[in-house]
Amino acid sequence: MIKYIDFLLATTSGKAVAERFPGKLAAPFEKTKLLYAYALAAMVESAILSEELMQGFDQETATVVVARLTSYKMEMEESFDATRWIDRNLIRLCSKFGDYRKDDPSSFSLNSSFSLFPQFMFNLRRSQFVQVFNDSPDETSYFRMMLNRESITNATVMIQPSLISYSFNSLPSPALLDVASILADRILLLDSYFSVVVFHGMTIAQWRNNGYQHQPEHQAFAQLLQAPHDDA
């Protein structure tokens with residue numbers, strides 16, 4: 001029987017290279033199931049396999065695997081430095097799959113299949129799964145339990161919250177997790193899985209406080225205020 005964590009460790013560390021594992025996978029919080037998995041490590045030397053890895057790389061799944069493995073190592077290894085470990089593995093991935101000229105940082109570029117992965121790692125470093133100082137042990141255990149139990153989509157939102165922008169001039173659209181997304185005439189909907197926040201820009205907040213949404217001639221504004229709540 002292949003333990004779930006052993007499979008992740010072998011895949012992440014590079015000890016399993018294109019090796020087929022027929023057998024049963026003991027995954028947490030679910031029944032044992034039959035698995036035929038290919039563990040393709042990041043240190044594969046073949047150019048053909050490297051190209052296949054780049055084209056088939058699932059950034060969201062890889063992010064959740066790294067997050068779960070990080071949480072596991074934080075629990076099991078007393079002196080484990082999660083931030084340093086994440087940074088070191090991200091550097092290894094970028095040096096392996098990135099294109100760059102030596103001593104020229106501006107020349108660095110990543111294949112589109114990896115373009116979001118550094119951003120995911122940045123948010124993982126800042127997440128409640130790594131930064132546990134302000135959380136009680138019970139809260140930390142709860143967050144980690146949900147990370148292991150939920151789907152890839154939900155777990156990705158836990159690591160990197162989604163931010164949607166609403167305005168009069170355009171349909172709801174994703175926004176960057178950056179202060180630049182805060183505009184006076186915008187409404188923002190932040191979903192971090194554990195909490196949902198609706199933010200009103202300064203102009204929107206003034207119109208709301210003046211009660212414009214209750215006036216018949218401002219029905220469009222009333223609909224704009226209601227849209228984030230409907231989506232939440």
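None of these values were measured; they are calculated from a predicted model. We're numbering straight along the sequence, starting at 1.
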Give a yes or no on whether the backbone of [Y] and the side-chain of [X] come within a donor-acceptor separation of less than 3.5 Å.
X	Y	value
R208	Q213	no
T63	Q59	yes
Q119	L116	no
N210	Y212	no
Q131	R125	yes
S127	I159	no
S107	R101	yes

**Request:** Apply side-chain hydrogen bond (donor to acceptor under 3.5 Å, both in side chains) to the pair N111 and S113, showing each step before the final yes or no.
**Result:** CA-CA 5 Å; N111 185 283; S113 298; 3.1 Å; yes
**Request:** Hey, could you give me each pair passing ring-ring contact (aromatic ring centres under 6.0 Å, His included) that has a residue in residues 99-121? Not counting sequence neighbours.
**Result:**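 ring-ring contact (aromatic ring centres under 6.0 Å, His included) check on residues 99-121 returns F57-F114, F57-F117, F97-F114.
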**Request:** Calculate, to the nearest 0.5 Å, the distance between atoms CG and CD1 belonging to L171 and I164 respectively.
**Result:**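 That separation rounds to 12.0 Å.
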**Message:** Distance check, rounded to the nearest 0.5 Å: L183 atom CG versus S167 atom OG?
**Reply:**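 One finds 9.0 Å between CG of L183 and OG of S167.
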**Request:** Compare all side-chain heavy atoms of Y142 with those of D135 and state whether any distance is below 4.5 angstrom.
**Result:**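 No, their side chains stay 4.5 Å or more apart.
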